[in-house]
4 protein chains.
Amino acid sequence: MTEEARPRTRRKQARPAELLAAALDCFVEKGFAATRMEDIARRAGVAKGTFYLYFPSKEAVFEALVRETLLPRIATLELSAGVAGCGAEAKLRTILSMLGQVLADPRLVAIPKLVLAEAGNFPDMARFYRREVIARGQALLTALFREGVETGEFRPLPDLDILARLFMGPVVLTALWQTTFAPVEDVPMSIDRLLSTHADLFLTSIKALTGTAGAMGPRTGGAP
Amino acid sequence: MTEEARPRTRRKQARPAELLAAALDCFVEKGFAATRMEDIARRAGVAKGTFYLYFPSKEAVFEALVRETLLPRIATLELSAGVAGCGAEAKLRTILSMLGQVLADPRLVAIPKLVLAEAGNFPDMARFYRREVIARGQALLTALFREGVETGEFRPLPDLDILARLFMGPVVLTALWQTTFAPVEDVPMSIDRLLSTHADLFLTSIKALTGTAGAMGPRTGGAP
Amino acid sequence: MTEEARPRTRRKQARPAELLAAALDCFVEKGFAATRMEDIARRAGVAKGTFYLYFPSKEAVFEALVRETLLPRIATLELSAGVAGCGAEAKLRTILSMLGQVLADPRLVAIPKLVLAEAGNFPDMARFYRREVIARGQALLTALFREGVETGEFRPLPDLDILARLFMGPVVLTALWQTTFAPVEDVPMSIDRLLSTHADLFLTSIKALTGTAGAMGPRTGGAP
Amino acid sequence: MTEEARPRTRRKQARPAELLAAALDCFVEKGFAATRMEDIARRAGVAKGTFYLYFPSKEAVFEALVRETLLPRIATLELSAGVAGCGAEAKLRTILSMLGQVLADPRLVAIPKLVLAEAGNFPDMARFYRREVIARGQALLTALFREGVETGEFRPLPDLDILARLFMGPVVLTALWQTTFAPVEDVPMSIDRLLSTHADLFLTSIKALTGTAGAMGPRTGGAP
DNA sequence: GATGAATGAGCATTCATTCAT
DNA sequence: CATGAATGAATGCTCATTCAT
């Protein structure tokens with residue numbers, strides 16, 4: 001009843017999101033350039049013209065998609081980095097695990113991939129992504145590293161920017177793997193395993209020396 | 001003399017390479033989809049039809065480009081990894097510095113970027129890349145890690161595959177940065193600095209504990 | 001009170017005229033082909049669909065516009081030509097001055113201009129215009145010339161039809177100028193001056209010789 | 001032989017003109033807006049794409065058409081107005097007869113008609129026409145009137161600009177008639193008769209009095 | 001071999017018209 | 001009566017590919 005009460009109106013409200021979802025599906029499947037407007041429309045269950053009632057052009061959908069999907073994500077990350085009461089290491093591990101969830105969702109990883117693939121044709125989009133996603137992510141990580149250094153959790157660290165990039169490197173590689181080779185590849189990669197190994201290696205590299213003996217002790221397992 | 005003796009023949013021999021070079025220029029500049037056959041032909045200084053005497057289609061150029069450019073690269077890497085007489089660490093650093101040279105050359109980084117961007121439209125190409133570039137690179141790194149462990153340079157390491165990925169992560173991220181955001185970005189990133197920091201962090205993480213006390217000592221700088 | 005008593009009814013009565021006015025505005029601004037139904041509707045303050053309650057198609061508005069606007073005009077001209085008590089010359093001058101008013105009003109000249117521009121696409125409209133406007137105007141002028149000849153105001157004149165066309169020529173040219181080049185042109189043309197010069201030249205050409213000597217002698221051809 | 005020697009080359013040379021001719025045919029038949037690119041191409045006997053090898057857009061054909069057709073015409077008129085050895089009256093009559101030929105050729109009159117009809121959508125074209133056709137024509141006529149006044153052929157005339165417009169009025173009206181109502185009308189109009197009557201009336205109005213007494217007396221107003 | 005004119009399928013976008021609410 | 005969301009046919013333009021010279 002409620003659902004069908006005013007279908008016309010209800011649809012009207014839902015349309016943009018439906019179209020965006022359909023567009024994402026298409027982009028994921030065949031890439032931006034190879035996706036025809038009609039594909040998107042048909043997948044959303046509307047006629048071609050209907051599309052243009054909601055988005056003025058193919059590029060516009062792309063932009064909206066990036067905007068709607070990425071910004072909430074990064075905001076969430078920023079939030080979780082801001083909570084007090086736990087150390088920098090814990091926050092970094094949390095971030096990595098949240099990124100792990102993104103990496104595991106094909107529809108979510110697809111967006112950064114699209115931006116990368118189409119950046120040449122959409123410089124504005126590239127700039128937007130750089131400013132709103134990368135720069136914010138980098139700022140977030142840099143702040144965490146500094147926090148860790150200041151609290152003594154991490155040893156003195158130069159080049160926090162570079163550190164942030166090294167931290168993200170495996171994440172980016174995995175994103176690419178998931179979007180590019182996973183569809184073509186039977187042997188799956190364990191994202192969690194990779195990320196937790198990354199966390200272990202990376203964090204022990206930058207952590208302050210605790211105790212007397214070998215810092216690597218715990219990781220080496222049975223080292224005498 | 002010999003070189004210019006039979007210009008017609010010479011040209012005929014050189015044509016495919018000239019066309020590939022022209023194609024790469026175009027792809028770097030405007031991406032695969034946005035490059036028209038005529039662009040490539042004109043840049044190579046031939047007529048549109050001439051192109052088809054050497055390559056049957058646009059896709060074929062792409063494939064040839066990847067084949068011709070990537071395979072020698074990876075072969076070189078394999079060679080340098082094979083030479084005896086130096087430790088695994090030294091070899092890993094050498095590889096990183098060779099990759100650094102690739103990263104610094106826009107025309108070279110462009111190719112993996114193209115593969116990534118167009119993988120969706122060229123599954124065969126993705127498979128080829130996965131098999132001939134990634135798998136071989138991974139095998140190479142895995143072998144090096146194993147070598148290091150066996151010689152006692154590195155501590156016992158599980159999951160060599162994952163390690164290889166972690167090792168490549170920052171390289172991939174940098175490649176993407178160079179091809180995607182560098183053209184749009186004024187603030188340049190120091191590739192060498194990033195890679196050497198990566199080498200330092202990563203290698204000390206996996207190296208066997210030398211000496212008695214804190215393994216991180218050297219890196220911490222002022223450790224007593 | 002009466003006027004506002006039943007606004008709904010009132011609006012319903014006024015709608016067609018409002019829509020026609022809006023349509024005319026649009027046609028004047030951007031031409032018939034470039035005017036979208038939505039433009040007209042929005043300018044009239046109604047929704048697109050409402051338009052179709054009053055006019056079945058875009059063409060229909062056009063036809064109604066011509067019908068509603070032109071017929072009263074020509075009727076007025078016919079009336080003023082019919083009044084007795086003044087000579088043919090006076091009537092012709094009156095007509096010219098009435099036409100001058102039409103020429104000075106952009107919204108009025110626009111209609112004939114539209115008919116001309118779109119005649120190819122609306123043969124029926126062209127026929128209607130030819131029959132109801134041109135033919136009646138021509139009949140009116142022919143009658144006036146004949147009247148002048150009969151009363152001795154004008155000299156004997158052959159080809160009254162041609163004369164009517166010559167009389168209207170400058171009017172038509174001015175209409176075109178106003179609708180086509182005036183919007184694009186800074187140097188304005190004095191319509192009144194042109195029309196009065198036209199009246200002077202034209203009328204003295206056809207008037208009977210007054211005074212003693214044959215003023216028009218040369219023109220009469222065979223006068224010794 | 002010569003004709004078919006190098007058909008490919010020959011066609012290449014002839015194509016633009018063929019396309020222009022085809023376009024004119026289409027425009028004459030259905031107007032600019034209603035003419036589809038494919039109509040033009042098909043009528044020229046080529047494929048749609050071929051059209052774009054020669055003209056970058058629909059508008060471009062229009063412009064080329066106006067340029068190629070009108071400019072030579074007006075140049076011819078200017079030439080014939082420049083020849084010495086005959087009076088201003090003779091030259092005006094010559095001009096009128098040349099215009100008569102234009103008016104009699106449907107394909108020729110169609111062009112000014114198109115300009116008029118589409119001026120709203122192509123302000124540049126309107127400006128071009130105004131500058132290159134109208135202004136030059138007007139200058140030409142004005143010069144002729146001045147010449148006649150100076151040689152004593154014509155009586156002193158004020159407002160030469162207005163005179164030029166009055167002279168052209170019937171020509172313009174006829175042009176419109178031919179393009180707009182003639183296709184819809186069975187009763188044809190004798191162009192020659194109209195133009196020669198126009199010449200007679202108009203010229204005798206402005207000619208100097210040749211007889212004894214002041215023929216123009218009445219018109220000059222204050223002549224004693 | 002080399003050329004470049006010709007092709008025509010393909011696609012983004014527009015807009016008059018309909019009809020469920 | 002009024003609305004405006006939905007439609008889909010229509011059209012300008014692009015570009016990979018072919019082939020006569």
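We name chains A, B, ... by the order of the sequence lines, and we start the count at 1 in each one.
Between Leu19(B) atom CG and dG1(E) atom C1' there is a gap of 14 Å when expressed in whole angstrom units. Between the CD atom of Glu38(A) and the P atom of dT14(E) there is a distance of 16 Å, rounded to whole Å.
Atom OG1 of Thr50(D) and atom OH of Tyr54(D) lie 7.5 Å apart (nearest 0.5 Å). Put simply, OG1 on Thr180(D) and OH on Tyr129(C) are 10.0 Å apart, with the number rounded to the nearest 0.5 Å. Ile111(B) contributes atom CD1, which lies 10.0 Å from atom CD of Glu68(B) (distance to the nearest 0.5 angstrom). How far CD of Glu29(D) is from CZ of Arg43(D): 4.0 Å, rounded to the nearest 0.5 Å. Atoms CE and CZ, from Met125(D) and Phe32(D) in turn, are 9.5 Å apart once rounded to the nearest 0.5 Å.
Checking dT3(F), dT13(E), dA6(E) against the side-chain heavy atoms of Val46(C) singles out dT3(F) as nearest. Nearest nucleotide to the side chain of Ala47(D), out of dT17(F), dG8(E), dC13(F): dG8(E). Taking the side chain of Thr50(C) as heavy atoms from C-beta on, and the options dT17(F), dT7(E), dT3(F), the nearest nucleotide is dT3(F).
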Between protein and nucleic acid, restricted to nucleotides 9-11 of chain F and to nitrogen or oxygen atoms under 3.5 Å apart, what atom pairs and distances do you find?
residue : atom : partner  : partner atom : Å
dA10(F) : N6   : Lys48(A) : NZ           : 3.2

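Looking at Lys58(D), its side chain does come within 3.5 Å of a backbone N or O of Thr35(D) through a donor-acceptor pair.
Phosphate proximity of dA6(E) to Tyr54(D): present, with a side-chain N or O under 4.0 Å from OP1 or OP2. Contact annotation: Arg15(B) side-chain N/O to dG1(E) OP1/OP2 distance is not under 4.0 Å.
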_Dot-bracket encoding per residue of DNA chain F, Watson-Crick/G-U cut-off under 3.5 Å, | denoting interstrand_ = .||||||||||||||||||||
